[in-house]
Amino acid sequence: MSGVTKSNEPISVELKELVIARLLSIPNNVTISVGDEGDFTRAEIIERVKREDTVGREVVRSQLEFLRALSTGRLLDELTSGITN
Amino acid sequence: MSSTLLITRPNNDPGTYYLFWWSKHIIEECKRKGFSLIDLTKDKANKKRFLGILQKKADAKMLVVMNGHGNDNFIAGQGNDPLISFQEAGLLSNKIVYARACNSLNVLGKKAVDEGALAYIGYDIPFTFYKENEKLSKPLQDRTAELFLDPSNYVAISLIKGHSAGMANLRSRVKFRDNVRKLLIDGQTSPYFYTIGDLYNNMMHQICLGDKEAKL
């Protein structure tokens with residue numbers, strides 16, 4: 001695991017709420033396979049975020065990276081220009 | 001002399017079960033191109049057998065595809081037992097590697113390239129994907145999983161088609177990008193919109209180390 005999970009700093013309430021709001025859009029009929037951590041339902045993954053355990057912190061890191069890419073224009077750059085290695 | 005694909009396909013939980021089946025497309029391409037195939041499935045995906053083959057074929061340039069769980073230091077085989085760890089990274093010398101496993105790029109991948117792997121394509125974060133519960137018995141019909149597993153398959157398929165390691169990674173990432181772009185355009189009307197963040201992360205963290213010009 002990497003990113004947010006490397007830090008032991010508490011995740012802010014606002015950030016957790018933002019991530020959970022996004023996770024609530026996951027349908028009930030899917031499971032999420034988070035690498036060697038296993039498979040999780042929506043409810044389970046939200047619970048992990050609330051607990052700020054390894055899985056929860058990785059989910060927050062992942063969502064945050066996407067939202068930052070969206071807000072800074074990096075995502076748009078990636079979608080409109082050539083991807084490089 | 002034909003090229004060789006050595007692929008590991010453990011199958012001991014829902015995640016590896018999906019990778020096991022989705023790797024079928026890689027194997028089909030391998031057969032189409034006349035590659036020799038060494039397919040280590042289920043119990044055959046064990047350390048003794050895998051490392052034995054690598055030792056026996058130490059001088060041969062070949063494609064090694066590993067599916068399974070992993071971390072910074074090792075990739076697992078059947079039963080999540082380590083298949084290869086960073087201490088054995090030198091056995092990947094002369095190989096082009098695609099590791100569809102979590103985090104292995106961080107230590108195992110770097111060490112493999114330092115010790116002679118031609119190229120190592122993998123992830124420096126967990127490889128994440130979604131599965132539809134109704135499709136668990138028919139994984140190849142799972143359109144949600146396809147968003148993740150079709151682009152990732154394309155690393156190995158591109159290498160088998162003759163593209164360089166760098167180009168194979170690029171072509172795979174373009175497939176991820178196309179899925180992200182479509183979801184962004186469709187927005188909330190898409191039933192798959194919730195996957196966009198994880199697709200973006202898999203795309204951004206799929207990295208090629210070593211010689212990007214290396215080919216089979």
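All values reported here derive from a predicted model rather than from experimental measurement. By convention in this document, chain letters (A, B, ...) are assigned in the order of the sequence lines, proteins followed by strands, and residues within each chain are numbered from 1.
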Checklist entry - Side chain, backbone, both or neither: which part of F127(B) has a non-hydrogen atom closer than 4.5 Å to chain A? => result backbone
Item to check | Nearest-0.5 Å distance that lies between atom CD in E58(A) and atom CG in N103(B) | outcome: 7.5 Å
Checklist entry - Does any non-hydrogen side-chain atom of R22(A) lie less than 4.5 Å from one of I196(B)? => result yes
Item to check | Close side-chain approach of L23(A) to Y194(B), heavy-atom, < 4.5 Å | outcome: no
Item to check | L184(B) vs L79(A), side chain to side chain contact (heavy atoms under 4.5 Å, CB included): CA-CA, chis, key distance, verdict | outcome: CA-CA 10 Å; L184(B) 204 60; L79(A) 297 183; 3.3 Å; yes
Next on the checklist: Take a 6.0 Å sphere around NZ of K135(B) and say whether it holds more than 12 heavy atoms from other residues, nucleotides or ligands.
Outcome noted: yes
Next on the checklist: Show the nearest heavy-atom pair for residues F66(A) and G197(B), with the distance to one decimal.
Outcome noted: CG-CA, 3.6 Å
Next on the checklist: For D36(A) versus G70(B), what's the shortest heavy-atom pair and its separation?
Outcome noted: OD2-O, 3.0 Å
Item to check | pair H69(B)-E37(A): side-chain heavy atoms closer than 4.5 Å | outcome: no
Next on the checklist: Quick one, S62(A) and T128(B) - any side-chain contact, counting heavy atoms below 4.5 Å?
Outcome noted: no
Checklist entry - Is K47(B) atom NZ crowded by more than 12 heavy atoms from other residues, nucleotides or ligands, each under 6.0 Å away? => result yes
Next on the checklist: If I compare all heavy atoms of G15(B) with all of S33(A), which pair ends up nearest, and what's the gap?
Outcome noted: CA-OG, 4.1 Å
Checklist entry - More than 12 heavy atoms of other residues, nucleotides or ligands under 6.0 Å from NZ of K16(A): is that the case? => result yes
Checklist entry - Of the options V30(A), I32(A), T31(A), which is the one that meets K131(B) in a side chain to side chain contact (heavy atoms under 4.5 Å, CB included)? => result T31(A)
Item to check | Distance-minimising heavy-atom pair for C102(B) and G35(A) | outcome: SG-CA, 2.9 Å
Checklist outcome for this item: Taking every heavy atom of E78(A) against every heavy atom of R177(B), the minimum-distance pair comes out as O-CD, 3.0 Å
Item to check | Side chain / backbone / both / neither for N29(A) at chain B, heavy atoms under 4.5 Å | outcome: both
Item to check | Residues M204(B), R74(A); criterion side chain to side chain contact (heavy atoms under 4.5 Å, CB included); working and verdict | outcome: CA-CA 11 Å; M204(B) 295 305 291; R74(A) 185 177 180 192; 2.8 Å; yes
Checklist entry - Under a 4.5 Å heavy-atom cut-off, does chain A meet the side chain of D13(B), its backbone, both or neither? => result neither
Checklist entry - So with a 6.0 Å cut-off around CZ of R143(B), is the heavy-atom count from everything else above 12? => result yes
Checklist entry - Q63(A) versus N201(B): any side-chain heavy-atom pair under 4.5 Å? => result no
